[in-house]
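In what follows, a single structure is set out as structure tokens and then discussed.
Starting from 1, each residue takes its place in the sequence as its number.
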Amino acid sequence: FCWRYKCLPDAFSRANFTATVSGLERFNIPNMPGGLVYNATIKATPGVVIRVSGPPKDAAEQSVSFTNGPEETRPSLALVNRGDWTTMNVTLPEGGWSNASFTFYVPVSYDDLSAAVTMVLWEGQELPEAPPPPVGTVCACPAEVEEDGSCGQGLMLARYNRGDDLLRSTVRCLNPPQYDIFRNPPRFVFSLCWLWECLGPDFTGPDHTRIKPYTIVLPNVTAFHNMERMLPGAATLELRKPTQVNMSVSISAGEEEMGPFWESGSFITLPGNRRGDISSLAITIEVPPQPWFDNNAAALIIVPGPFPPPPPLPPTMPPLPPLSPGGINDATSFIVARYTVLEELSPEDLDSLLMRPSADIVAEVMQLIVLLPTSFSDLLAIPSCAPDALASAKATLAEIWGIDESMVADLQCSMGGTITQRRRQLLAAPSTGPARRLLQEDTDPCKAQAKICLDIQLAVPYSNVAAPSGGIDGLVSSYRAQLESNQQMKDSLFEFGTAIYATRFKISRPDQQDEQQSDAPGRRLAQGDSTPPDCSALDATLPRRLRDELISDPECEREVVQPPDEGTPPGQDPGEPAPGGEDDVITDQPKNEDPGSGSSDGDLGMILGLALGLGLGITGLVGVVYLVVRARRLKEETALAAAQRMDPQDWKKSKNRVAPEPVVLERHEIRPPVHAAKGPRPGFGGPGSNASTAERLLQQQQQLQQNPTYQRW
């Protein structure tokens, strides 16, 4: 305990005061073994008196009480100065104590000080046998490695090292971390539990009942659920663990490494420049030797953010060209993009949000995805987070709800960590800012009392949403009620978290490539015949609101719809030839047809040929006329530019260029400019000149060809 007058009302600085912590059950105080002697030390400044007391678990035994001052319940002012740094032996009752109370007596003028109490078990004592743990509370043993030293599918290798004997180590297979993209913001979670008796005699040694310190190391975690979606940059680290258990994480992106990070509630920086850069993690857990830390769990949580404002959206795509006659109904190939956004959307909501430049673009809500956070107080219903246990849980949930097992899309599992500092972090957190918002928005039911936690992900077809009253909320409420009433689940259920909703929808448009390649008679576009589809036009229909809520990369593909063959008699196998005819093979020239029969197909081909030839002829004639006119205009512009002593290109850009006026040129005599030194420009005509207009233009052309500017151009 520490105190400072500046943090207290003014009255506390003018008199003695008392600080009391009553009935403290945290920090594993009730789990301290009874009937043993502890080395108790009270660390206080002389004059500060501390009293420690606690009731026994067995009411027939004596309570515990010790102090560094007088034995009176409240020391008198004359005896206050007896407080000091004191060490003594304290024996707990045989059954232990249920809680501890601490009282600090602080004299006046003792400012900006602290005091502490420690109790350390003396070595060499025979520890009493621990009572058997309650059913469903024992941590499941981790899986052992395969014969070749590897782990099974969905597991990762971890090394256990003894802290007091470096030659003793073993390996086990643990469940990998996971990156939960359905949270807002998303979060990285790794959790595990440990049990000394699971580690085998080669690791525990001859005195296998006595727990020794050891370390659990995951040196190179390179693959876990949604690893490619993990964001670099600023993040918040949260550690849920017993106080004396040390836990740290180091994170790498290529050759760049950050960490180790070990302080819960701190802001950290994840390496990398963009999503998916993080390549590996290293996690270390140090377990102390005290027996009350055994059969415990810890969780490491990384929440990315806060994030900078998103960049501006790209410009809107131009409208798509219209469909060929027949529109969507005649299209056989479609460009389809599928999206998942962290928001509940109805078809009407989706239609109102999309920015569609063409009626050819069609949107459809496929599924509503529900994430139902659920926690359990024991391990009876869900024994562990191992793959086989989760597969069994998925089948059980589908049976309880009466749905197909495929609707239980995923189960994300974590062990409930002991949160000893959560309340302290909440009180110490700033009133504003990301840390405070994180604690306020935390709807995670995986509290200290929970043994195991599941995020149940349900993929509900949109057609099923309107079945119960209340829509998707009514459906979720009915699922919760069925779990609470189920005999297998109700005794283990601890708490439900706030349901999180996401929507999976698709946007499609007819494939223009299909129209271009379908000109040949009888051609059908197969799925492997086309180039990769381009969904940029469909991506541009999403507003910023939906872009910011995308939780996975869009899926873009081409869907081909093969229309049924026409003309096949009912009941006939389409693979057999029609009775009395050949196989249904489409070619450019129909079989057994007389070219001179005057069929409609022949007439149509002739008409198309004539139309094509006429179109090409008109196009060629227009091109020739354009070239002639362009050459003539270029010649006139060159002459006018030379007359003004300008480069032809500069003349075309000039605002003072002289437009050609041939009529004025024919009717009026042109007077050349008079220069002070040279007089009239020679050869350009002038007063008394009888040269005709044609002769004057010929002279201008000759002078133009000699002009250096013209020659350079």
- Query: Taking side chain as C-beta onward, heavy atoms only, is Y38 less than 4.5 Å from P33?
  - Reply: yes
- Item | side-chain contact (heavy atoms from CB on, under 4.5 Å) assessment of V303 paired with E238 | CA-CA 8 Å; V303 181; E238 182 181 358; 5.6 Å; no
- Task: Please check if the side chain of T67 supplies one atom and the backbone of G69 the other of a donor-acceptor pair under 3.5 Å.
- Result: yes
- Say whether, by atom type as modelled, one donor and one acceptor occur between the side chain of S375 and the main chain of E495 under 3.5 angstrom. yes
- Establish, yes or no, whether a centroid distance under 6.0 Å links the rings of F224 and F190. no
- Would a 4.5 Å heavy-atom cut-off, applied to side chains only, mark K490 and L483 as touching? no
- Message: Nearest 0.5 Å, please: how far is CD in E123 from CG in N39?
- Response: 11.5 Å
- Item | Contact check, side chains of I382 and L411, non-hydrogen atoms, under 4.5 Å | no
- Derivation and outcome, side-chain contact (heavy atoms from CB on, under 4.5 Å), residues I500 and V370: CA-CA 6 Å; I500 301 171; V370 182; over 6 Å; no
- Determine, stepwise, if the pair C139 / C198 fulfils disulfide (SG to SG under 2.5 Å). CA-CA 9 Å; C139 172; C198 293; over 6 Å; no
- Query: Should the SG of C453 and the SG of C413 be checked, would they turn out to be under 2.5 Å apart?
  - Reply: no
- Query: Side chains of S150 and D148: donor-acceptor distance under 3.5 Å anywhere?
  - Reply: yes
- Is the ring centre of F376 less than 6.0 Å from the ring centre of F494? no
- Task: Identify the heavy atoms of N175 and P387 that sit nearest to each other, and give their distance.
- Result: OD1-CD, 3.8 Å
- Query: How long is the gap from CG on N28 to CZ on F293, to the nearest 0.5 Å?
  - Reply: 5.5 Å
- Query: Is there a side-chain contact between K451 and M415 (heavy atoms, below 4.5 Å)?
  - Reply: no
- Query: Is there a donor-acceptor pair under 3.5 Å between the side chain of T374 and the backbone N or O of L372?
  - Reply: yes
- Query: Within 45° of the six-membered ring axis of Y214 and under 6.0 Å from that ring's centre, is NZ or CZ of R162 located there?
  - Reply: no
- So, does E61 use its side chain to make a donor-acceptor pair with the main chain of G95 at under 3.5 Å? yes
- Message: Measuring from atom CD1 of I42 to atom CZ of F66, what distance do you get when rounded to the nearest 0.5 angstrom?
- Response: 5.5 Å
- Item | Gap separating the CG atom of L199 from the CG atom of D202, nearest 0.5 angstrom | 11.0 Å
- Task: For the pair T87 (side chain) and T41 (backbone), establish whether a donor and an acceptor sit closer than 3.5 Å, ignoring hydrogens and angles.
- Result: no
- Task: Could you tell me whether the side chain of D294 and the main chain of W196 form a donor-acceptor pair under 3.5 Å?
- Result: yes
- Task: Look at the SG atom of C173 and the SG atom of C151, then say if they are under 2.5 Å from each other.
- Result: yes
- Note on the structure: d(Y160 OH, I285 CD1) to nearest 0.5 Å is 8.0 Å
- Over all atoms of both residues, closest heavy-atom pair of M230 and F188: CE-CB, 3.8 Å
- Task: Could you go through the side-chain hydrogen bond (donor to acceptor under 3.5 Å, both in side chains) check for N89 and W122 one step at a time?
- Result: CA-CA 9 Å; N89 290 333; W122 285 108; 3.0 Å; yes
- Query: Does the W3 side chain pair with the main chain of Y110, one donor and one acceptor, at a distance under 3.5 Å?
  - Reply: yes
- According to the interplanar angle, ranging from 0 to 90°, do the rings of F1 and F104 count as parallel (below 30°), tilted (30 to 60°) or perpendicular (above 60°)? tilted
- Does the side chain of L157 reach to within under 4.5 Å of the side chain of V145, using non-hydrogen atoms? yes
- Query: Taking NZ, NE, NH1 and NH2 as the nitrogens, is one of them in D455 or R183 under 4.0 Å from a carboxylate oxygen of the other?
  - Reply: yes
- Item | Donor-acceptor contact below 3.5 Å, side chain T284 vs main chain S248 | no
- Item | Closest non-hydrogen atom pair between P176 and A223, with its separation | CB-O, 4.2 Å
- Query: More than 12 foreign heavy atoms under 6.0 Å from CD of E399: is that the case here?
  - Reply: no
- Message: Testing the 3.5 Å rule here: is there a donor-acceptor pair between the side chains of D378 and S492?
- Response: yes
- Could you go through the side-chain contact (heavy atoms from CB on, under 4.5 Å) check for L231 and L270 one step at a time? CA-CA 8 Å; L231 295 168; L270 304 182; over 6 Å; no
- Euclidean distance, R187 CZ relative to Q178 CD, rounded to 0.5 Å: 8.5 Å
- Message: If you compare all heavy atoms of E286 against all heavy atoms of P288, which two are closest, and at what distance to 0.1 Å?
- Response: O-CD, 3.7 Å
- Message: A side-chain contact here means heavy atoms from C-beta on lying under 4.5 Å apart; do K394 and L397 qualify?
- Response: no
- Query: Are side-chain heavy atoms of L237 and L300 found at a separation under 4.5 Å?
  - Reply: yes
- Answer yes or no: are there more than 12 heavy-atom neighbours, outside W292 itself, under 6.0 Å from its atom CH2? yes
- Task: Would you check if L174 and L155 make a side-chain contact, meaning some heavy-atom pair closer than 4.5 Å?
- Result: no
- Message: Ignoring hydrogens and geometry beyond distance, is a side-chain donor-acceptor pair present between W194 and N295 at under 3.5 Å?
- Response: no
- Message: Tell me the closest heavy-atom pair linking L121 and L36, and the distance in Å.
- Response: CD1-CB, 3.6 Å
- Message: Under a 3.5 Å cutoff, is there a donor and acceptor pairing between the side chains of T170 and R172?
- Response: yes
- Determine yes or no for a side-chain-to-main-chain donor-acceptor pair under 3.5 angstrom, with K212 supplying the side chain and T204 the backbone. yes
- Dump the intermediate steps for side-chain contact (heavy atoms from CB on, under 4.5 Å) on W262 and M247, then the final yes or no. CA-CA 6 Å; W262 62 83; M247 194 173 190; over 6 Å; no
- Query: Which atoms form the tightest heavy-atom contact between P30 and S98, and what is the distance?
  - Reply: CG-O, 3.3 Å
- Are any side-chain N or O atoms of S266 and backbone N or O atoms of E263, one a donor and one an acceptor, separated by less than 3.5 Å? yes
